[in-house]
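Worksheet: one structure, shown below.
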Amino acid sequence: MNSAQLKTPYFLIDENKLIENLEKAKQLKTLSGVKLVLALKCFSTWGVFDIIKPYLDGTTSSGPFEVKLGHEKFGGETHAYSVGYSEDDVREVADICDKMIFNSQSQLTAYRHLVEGKASLGLRLNPGVSYAGQDLANPARKFSRLGVHADKIDPEVFASLNGVMFHMNCENKDVDAFVALLDAISDKFGSYLDALEWVSLGGGVFFTWPGYDIEKLAAALKAFGERHDVQLYLEPGEAIITQTTDLVVTVVDIVENDMKTAIVDSATEAHRLDTLIYNEPASIGEASDNGEHTYVIGSCSCLAGDQFCVANFDEPLKIGQRLHILDSAGYTMVKLNWFNGLRMPSVYCKRSGGDIQLLNEFDYQDFKRTLSQWSVH
Ligand SMILES: Cc1ncc(COP(=O)(O)O)c(C=O)c1O
C-alpha cells in the first residue's frame, strides 16, 4: 500500500520510531531493574501490541475495560487501577489482574476480601508533591482526590498490603526534578515502603525525550529500589508512543478573514482532543519556521475556536494538499469521538520494512451504532 493512496483522515503509526522509544525503555529496564507497564489510558491501539510486547512487562489501566484489554491482548502483568471501582467492576477484574490498586482506604476496606488470594493488593498514595505543567493534569493539585495523603494514612492498612502506587509526573523531562520527587517520597513514606514488596512510581517520566539522561534516572531508581527493598515499576504511556504517529489530513478549503485559514478534513474536538483541552497547538510536518505564508490550520467542526495551530509554509497551501499533524498518538487515539458526524480517521501502521498495514477503519454504521441500537416503540 502506498500512503498517497490512503483516504484521509488517517493515523499512521511508524514502527521504526516506536522501536526507537522501546529500545530506550529496554535500556532503562536493564540498567535499573525497574519493570515497565504500558499505561493503556494513553495508548491502547492493540493492533500494534505485538511490536511493544517484547519490550515491556505488561499493562496498567484506569478502568475495567482497559484491564480486560491488557489481559487479553497484551498479557504479561496486568495492573488494575481505577479512581473509583464499583463492586461489579472489582468482581470482574479481580480474576484477570495480577495487581489490584485501590485509590482510597475506603475502597480498599470495602473490597479487599474480593481480591485477596487472587491478586496482589495495592493502594495509591498521594505524595503531595508533583511535576506537572498544567493544574488540570496535576495529581497533587489542591483538594486532589487521587490517592491517600500522608496525614490520612491508617498504618493498620499497611499490615496486609503488598504494594503502593504513586503518580505525580506529567511529561517530566527533567531527571533532577524526578530524583527530587523520589527523595521526597523516601523521606515521607520510607518506613511504610520498607514493609512492601513493590512500589509503582506511575507515569509521566519522559525518558525517551531526546537528550534525557537515562543512566542517571536508572541509577536513582536502582538506589531507591535497593534502599526500600522493593520491586519498582514505572507506568509509561506518552514516553512509549511519543513522536511515532501522524494524523494525516487534507486541506478541503481555504478561507480568509484577516488571516488565511486552511480548513482540513478533521477536527481537534473529535480527533485530537488534547489540543483543545490543554490549549497546546499541534505541529505540522510540512511547516517551516521561516516560511512566508501563514495559515490557521482550522478544523471542519462547528466549534468557532476549533483549530490545530497557526503555521508558516514556504509555499502557499493548496486545496487537496495533505498535511501531517505530528505526534498524534498519546491521549489522542483513545479519545476519538463522533462529534459533528465527521469521518473517523482510519488507523495504519508503517512496518519497519516499509509495508503499510491497515489496523482499523470506520464507516457510517459505526457512527450510527454508537448513538442508538434500538428505536423507541
Ligand atoms: C496512574 C497513572 N499512571 C500512568 C499514567 C501515564 O502517564 P504518561 O502517559 O504521562 O506516562 C497516568 C497518566 O495520567 C496515570 O494517571
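Remember, predicted model here, so these are calculated numbers, not experimental data. As a basis for the values below, the full set of heavy atoms in this structure was taken, side chains included, without hydrogen atoms, waters or symmetry mates. As the structure lists them, so they are numbered: ligands from 1, and atoms in each ligand from 1.
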> Are Y85 and F102 an aromatic pair by the rule of ring centers under 6.0 Å?
Replying inline: yes
Ligand 1 to E235, heavy atom cutoff 4.0 Å, flagged ligand atoms 1 (C), 2 (C), 3 (N), 4 (C), 5 (C), 6 (C), 11 (O)
Practice item. Determine yes or no for a side-chain-to-main-chain donor-acceptor pair under 3.5 angstrom, with D246 supplying the side chain and V248 the backbone. Key: no
- Message: Looking at K68, I want to see if its NZ is surrounded by more than 12 non-hydrogen atoms of other residues, nucleotides or ligands under 6.0 Å.
- Response: no
Of E171, H167, M168, the residue with the heavy atom nearest atom 12 (C) of ligand 1 is H167
protein heavy-atom neighbour closest to atom 11 (O) of ligand 1 works out as G204 N, 2.8 Å
the protein heavy atom lying closest to atom 16 (O) of ligand 1 turns out to be K41 NZ, 2.8 Å
The side-chain contact (heavy atoms from CB on, under 4.5 Å) partners of H228 (sequence neighbours excluded) come to S186, L193, D194, F224, V230
A student checking ligand 1 against G237 at a 4.0 Å heavy-atom cut-off should list atoms 8 (P), 9 (O), 11 (O)
Taking only non-hydrogen atoms of E238 and a 4.0 Å limit, the atoms of ligand 1 in range are 8 (P), 9 (O), 11 (O)
So if you build clusters from Ile, Leu, Val, Met, Phe, Trp, Tyr with side-chain heavy-atom gaps below 4.5 Å, do F189 and F178 land together?
yes
Check: Taking both backbone and side-chain atoms of A39, is any N or O found less than 3.5 Å from an N or O belonging to ligand 1?
Finding: no
for atom 13 (C) of ligand 1, nearest protein heavy atom and its distance come out as Y331 OH, 3.2 Å
For M165, the ligand 1 atoms with a heavy-atom partner under 4.0 Å come out as 1 (C)
(Q) Tell me whether the rings of H79 and Y233 are parallel (<30°), tilted (30 to 60°) or perpendicular (>60°). (A) perpendicular
* Count the heavy atoms belonging to other residues, nucleotides or ligands that lie under 6.0 Å from CD of E361, then report whether that count exceeds 12. => no
